[in-house]
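Since this is a predicted model, take the numbers as computed values, not measurements. Position 1 is the first residue of the sequence, and the numbers go up from there.
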Amino acid sequence: MNGNFYRMYTKHQFAVVKLQSDFLYPEDIESLHKEYNNDPDYTRIQYLIIIIDEKCKPKFSINYISQFSKIYNAEYQVNNHKSIVWVVSQPIITALTHLLVLELNDNSYYCSTLKKAFYLLDSTMDYNTFIELLDATQKVPN
């Protein structure tokens, strides 16, 4: 088990994807992406935050970014996401995320703090609810 997961909060049209394994392998990223995109509640999500833990080390080359962007841009079902924010915390992941965001078809942004992520999501939920949902996500066993 790699420890990466997602949670959907359909009441708030919000989802959290957490990448927290020690190593980020292409097959793990692609598997989680496919699982998330095939979730029956996927079309009800308008705001997505993807948190990449500081301990994650990429186990792929820079060439993988273009390959993954093609996979990421392919729609398994209708995508109603208004905004997606990638939260990054280390230089190499920040650089790779920057390159990825440049190739994505959706409203993707990246930043290094949850406060900035909340601002970039531009959702109708208030900040306290946002933090409560992130805290609840951390408490759900994998």
Side-chain angles (χ1 to χ4, degrees), residues 1-60 62 64-142:
M1 181 79 173
N2 61 27
N4 302 322
F5 66 93
Y6 74 91
R7 300 288 181 262
M8 293 190 180
Y9 300 99
T10 55
K11 176 182 172 187
H12 299 283
Q13 302 172 315
F14 176 64
V16 178
V17 172
K18 182 79 186 250
L19 300 172
Q20 60 182 10
S21 58
D22 289 337
F23 300 103
L24 291 177
Y25 293 99
E27 54 272 12
D28 293 336
I29 296 168
E30 291 172 24
S31 174
L32 183 62
H33 175 70
K34 187 172 185 179
E35 184 181 337
Y36 170 79
N37 278 263
N38 284 313
D39 190 291
D41 289 327
Y42 176 78
T43 58
R44 297 174 63 196
I45 301 302
Q46 294 185 7
Y47 307 99
L48 171 63
I49 185 169
I50 302 168
I51 302 171
I52 305 175
D53 192 277
E54 65 184 24
K55 70 179 178 180
C56 292
K57 294 173 188 68
K59 287 298 193 180
F60 52 85
I62 197 165
Y64 176 68
I65 298 297
S66 288
Q67 178 186 335
F68 181 64
S69 69
K70 288 176 185 154
I71 294 167
Y72 189 92
N73 286 328
E75 295 185 16
Y76 296 96
Q77 56 180 315
V78 176
N79 181 339
N80 291 317
H81 296 8
K82 292 182 179 178
S83 56
I84 299 169
V85 177
W86 299 72
V87 179
V88 295
S89 59
Q90 60 161 302
I92 188 67
I93 293 294
T94 301
L96 293 171
T97 303
H98 172 77
L99 294 172
L100 177 63
V101 165
L102 291 175
E103 294 192 30
L104 299 181
N105 295 337
D106 53 26
N107 295 324
S108 284
Y109 310 94
Y110 68 96
C111 63
S112 62
T113 67
L114 294 178
K115 188 169 251 185
K116 181 69 173 183
F118 175 76
Y119 169 76
L120 290 170
L121 278 176
D122 195 26
S123 79
T124 56
M125 122 179 73
D126 64 68
Y127 185 72
N128 288 336
T129 301
F130 172 73
I131 294 300
E132 286 173 14
L133 293 176
L134 290 178
D135 287 346
T137 300
Q138 301 305 319
K139 296 176 183 161
V140 177
N142 295 327

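Across all non-hydrogen atoms, the minimal contact from Asn4 to Ser21 is OD1-N, 3.0 Å. For the residue pair Tyr9 and Leu133, the shortest heavy atom distance occurs at OH-O, 3.2 Å. Contact detail for Pro26 and Lys59: the closest heavy-atom pair is CD-O, 3.6 Å.
Phe14 has its ring centre less than 6.0 Å from the ring centre of Phe130.
When side chains are defined from C-beta on, Ile52 does not count as touching Val87, because their heavy atoms never get closer than 4.5 Å. The shortest distance between side-chain heavy atoms of Leu104 and Tyr72 falls below 4.5 Å. With contacts defined as side-chain heavy-atom distances shorter than 4.5 Å, the pair Leu134/Val16 qualifies. Side-chain contact between Asp28 and Phe23 is absent, with no heavy atoms from C-beta onward closer than 4.5 Å. Side-chain contact between Ile51 and Val88: absent, with no pair of heavy atoms (C-beta onward) separated by less than 4.5 Å.
Every residue meeting the side chain to side chain donor-acceptor pair (under 3.5 Å) condition with Asp126, not counting sequence neighbours, appears here in chain and number order: Thr129. Partners of Tyr6 by ring pair (Phe, Tyr, Trp, His ring centres under 6.0 Å), not counting sequence neighbours, listed by chain and number: Tyr36. For Gln13, the side chain to side chain donor-acceptor pair (under 3.5 Å) test picks out no residue, with sequence neighbours left out. In this structure, the side chain to side chain contact (heavy atoms under 4.5 Å, CB included) partners of Asn79, at least two apart in sequence or on a different chain, are Tyr42, Glu75, His81. With sequence neighbours excluded, the residues that form a salt bridge (Lys or Arg N to Asp or Glu O under 4.0 Å) with Lys55 are Asp22. For Tyr47, there are no ring pair (Phe, Tyr, Trp, His ring centres under 6.0 Å) partners at least two apart in sequence or on another chain. Annotation: side chain to side chain donor-acceptor pair (under 3.5 Å) contacts of His12 (sequence neighbours excluded): none.
A distance of 9.0 Å separates OG1 of Thr137 from NZ of Lys18, quoted to the nearest 0.5 Å. Separating the CZ atom in Phe60 from the CG atom in Leu96 is a distance of 5.0 Å, to the nearest 0.5 Å. For the atom pair OG of Ser108 and CD1 of Ile84, the computed distance is 4.0 Å after rounding to the nearest 0.5 Å.
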Could you go step by step and tell me if Lys57 and Leu24 meet the side-chain contact (heavy atoms from CB on, under 4.5 Å) rule? CA-CA 6 Å; Lys57 294 173 188 68; Leu24 291 177; over 6 Å; no

One pair to check against side-chain contact (heavy atoms from CB on, under 4.5 Å): Ile62 and Tyr64. What are the steps and the verdict? CA-CA 5 Å; Ile62 197 165; Tyr64 176 68; over 6 Å; no

In sequence, state the C-alpha distance, the side-chain angles, and the governing distance for Ile50 and Val85, and then conclude on side-chain contact (heavy atoms from CB on, under 4.5 Å). CA-CA 6 Å; Ile50 302 168; Val85 177; over 6 Å; no

Using the rule given for side-chain contact (heavy atoms from CB on, under 4.5 Å), can you reason through Val17 versus Leu48, listing the C-alpha separation, both sets of side-chain angles and the distance that settles it, and then say yes or no? CA-CA 8 Å; Val17 172; Leu48 171 63; 3.7 Å; yes

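Each salt bridge (Lys or Arg N to Asp or Glu O under 4.0 Å) pair with one or both residues in residues 37-52, not counting sequence neighbours, appears once here: Asp41-Arg44. The side-chain hydrogen bond (donor to acceptor under 3.5 Å, both in side chains) pairs that include a residue from residues 87-104 are Ser66-Glu103, Ser69-Glu103, His98-Tyr110, where partners are two or more places apart or lie in different chains.
A donor-acceptor pair is defined here as one N or O able to donate and one able to accept, closer than 3.5 Å; no such pair exists between the side chain of Asn80 and the backbone of Ile45. A donor-acceptor pair under 3.5 Å links the side-chain atoms of Asn38 to the main chain of Lys34, judged by distance alone.
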Can you give me every donor-acceptor pair (side chain of residues 112-124, partner residue at least two apart or in another chain, under 3.5 Å) with its distance?
from	atom 1	to	atom 2	distance (Å)
Thr113	OG1	Lys116	N	3.1
Ser123	OG	Met125	N	3.2

